[in-house]
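Notes for the one structure printed next.
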Amino acid sequence: VQLQASGGGLVQAGGSLRLSCAASGRDFSSYSIAWFRQVQGKEREFVATIEYNTGRTFHADSVKGRFTISRDNAKSLSILQMNSLKPQDTAVYYCAARLYRVVISGQSDPSNWKYWGRGTQVTVSS
């Protein structure tokens with residue numbers, strides 16, 4: 001599967017952005033999807049994930065209540081809705097995929113995700 005993230009941009013603190021992850025290839029519904037973010041010079045940080053079959057979601061504590069991950073299997077799309085943005089949310093955001101499920105304990109580890117898209121820059125000004 002090939003992934004492409006889009007929707008990033010510059011927004012003021014308190015604003016919202018909607019990121020999209022478009023997938024090409026077969027059987028998108030068989031892939032769990034995750035979003036990560038990375039600030040230059042720092043490790044890639046887990047943001048959220050949605051399971052392939054149950055649609056169960058997990059969000060990092062740092063974004064819980066502000067960000068929401070979702071998916072539309074018919075459109076081969078995952079969405080990361082980001083509200084109440086803060087300057088510390090500034091990063092390059094990446095979507096990732098893995099066939100079937102990633103165990104809960106391993107979801108936040110980038111090495112457990114096989115497919116990655118090119119990132120999209122999100123900048124939140126104070």
Side-chain angles (χ1 to χ4, degrees):
V1 63
Q2 292 183 320
L3 306 173
Q4 178 63 56
S6 62
L10 173 64
V11 65
Q12 288 188 331
S16 298
L17 279 176
R18 183 174 181 266
L19 304 185
S20 297
C21 177
S24 60
R26 294 183 295 180
D27 207 9
F28 175 76
S29 61
S30 295
Y31 289 83
S32 292
I33 301 297
W35 287 89
F36 286 78
R37 64 188 181 186
Q38 189 168 23
V39 175
Q40 192 171 7
K42 295 189 176 181
E43 293 186 352
R44 198 160 290 192
E45 177 190 14
F46 170 76
V47 176
T49 183
I50 183 165
E51 292 187 340
Y52 78 103
N53 55 347
T54 64
R56 186 170 54 174
T57 62
F58 299 91
H59 296 79
D61 288 343
S62 59
V63 306
K64 202 169 291 183
R66 301 187 299 121
F67 292 12
T68 303
I69 187 173
S70 62
R71 66 187 299 155
D72 184 338
N73 289 336
K75 296 181 179 179
S76 297
L77 203 63
S78 175
I79 299 296
L80 184 68
Q81 179 66 42
M82 307 188 297
N83 299 326
S84 302
L85 282 160
K86 304 175 181 180
Q88 52 264 46
D89 294 319
T90 295
V92 177
Y93 283 71
Y94 299 88
C95 58
R98 183 185 172 106
L99 189 61
Y100 303 131
R101 183 176 173 265
V102 178
V103 294
I104 294 175
S105 61
Q107 289 176 344
S108 62
D109 185 347
S111 67
N112 289 323
W113 296 87
K114 183 174 181 180
Y115 303 98
W116 290 85
R118 298 179 73 174
T120 184
Q121 176 71 47
V122 171
T123 303
V124 185
S125 62
S126 58

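- The distance from the CD atom of Gln81 to the OG1 atom of Thr68 is 7.0 Å, given to the nearest 0.5 Å.
- Cluster partners of Val103 are absent, since no Ile, Leu, Val, Met, Phe, Trp or Tyr has side-chain heavy atoms less than 4.5 Å from it.
- Ser30 is linked by a side chain to side chain donor-acceptor pair (under 3.5 Å) to Asp27, counting only residues two or more places apart in sequence or in another chain.
- The salt bridge (Lys or Arg N to Asp or Glu O under 4.0 Å) contacts involving residues 117-126 comprise nothing, where partners must be two or more places apart or lie in separate chains.
- The other residues sharing a hydrophobic cluster with Tyr94 are Phe36, Phe46, Val92, Val102, Trp113, Trp116, where clustering joins ILVMFWY side chains under 4.5 Å apart.
- At least one side-chain heavy atom of Tyr52 sits under 4.5 Å from a side-chain heavy atom of Arg101.
- With sequence neighbours excluded, the residues forming a side-chain contact (heavy atoms from CB on, under 4.5 Å) with Thr57 are Ile50, His59, Ile69, listed by chain and number.
- Side chains of Ser62 and Glu45 form a contact here, defined as non-hydrogen atoms less than 4.5 Å apart.
- With rounding to the nearest 0.5 Å, the separation of CG in Leu3 from OG in Ser20 is 12.5 Å.
- In the hydrophobic clustering, Ile104 connects to Phe58, either directly or through intervening members, whenever side-chain heavy atoms lie under 4.5 Å apart.
- Evaluation of the side chain to side chain donor-acceptor pair (under 3.5 Å) rule for Arg66 yields Asp89 as partners, not counting sequence neighbours.
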Going through the checks in order, is the side chain to side chain contact (heavy atoms under 4.5 Å, CB included) test met by Thr90 and Gln121?
CA-CA 8 Å; Thr90 295; Gln121 176 71 47; 4.0 Å; yes
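- Checked against side chain to side chain donor-acceptor pair (under 3.5 Å), Gln4 has no partners two or more places apart in sequence or in another chain.
- Between Met82 and Val122 the shortest heavy-atom distance is CE-CG2, 3.8 Å.
- Of all the heavy atoms in Ala91 and Val39, the pair that sits closest is CB-CG2, 3.9 Å.
- Side-chain atoms of Leu85 and Phe67, non-hydrogen and from C-beta on, do get closer than 4.5 Å to each other.
- Applying the salt bridge (Lys or Arg N to Asp or Glu O under 4.0 Å) rule to Lys64 yields the partners Asp61; only residues at least two apart in sequence or on another chain are considered.
- For the pair Arg71 and Tyr31, the cation-pi test (distance below 6.0 Å, angle within 45°) is failed.
- Side-chain contact check for Val124 versus Gln88: every heavy-atom pair is 4.5 Å or farther apart.
- Among pairs with a residue in residues 3-122, those fulfilling disulfide bond (SG atoms under 2.5 Å apart) read Cys21-Cys95, at least two apart in sequence or across chains.
- Using a 4.5 Å heavy-atom cutoff, the side chains of Arg37 and Val63 are in contact.
- Taking each heavy atom of Thr49 and Gln107 in turn, the nearest pair found is CG2-OE1, 3.3 Å.
- Under the salt bridge (Lys or Arg N to Asp or Glu O under 4.0 Å) criterion, Arg56 pairs with Glu51, sequence neighbours left out.
- In this structure, OG in Ser70 is found 8.0 Å from CG in Leu77, a value given to the nearest 0.5 Å.
- Here the side chains of Arg18 and Ile79 are in contact, with some heavy-atom distance below 4.5 Å.
- Atom-to-atom distance recorded for Leu80:CG and Tyr93:OH is 7.5 Å, nearest 0.5 angstrom.
- Taking each heavy atom of Ser24 and Val1 in turn, the nearest pair found is O-CG2, 3.2 Å.
- Listed by chain and number, the residues in a side chain to side chain donor-acceptor pair (under 3.5 Å) with Ser84 amount to none (sequence neighbours excluded).
- Closest approach of Gly8 and Thr120 over heavy atoms only: N-OG1, 3.0 Å.
- Within the 4.5 Å cutoff, no side-chain heavy atoms of Lys114 are placed close to those of Leu99.
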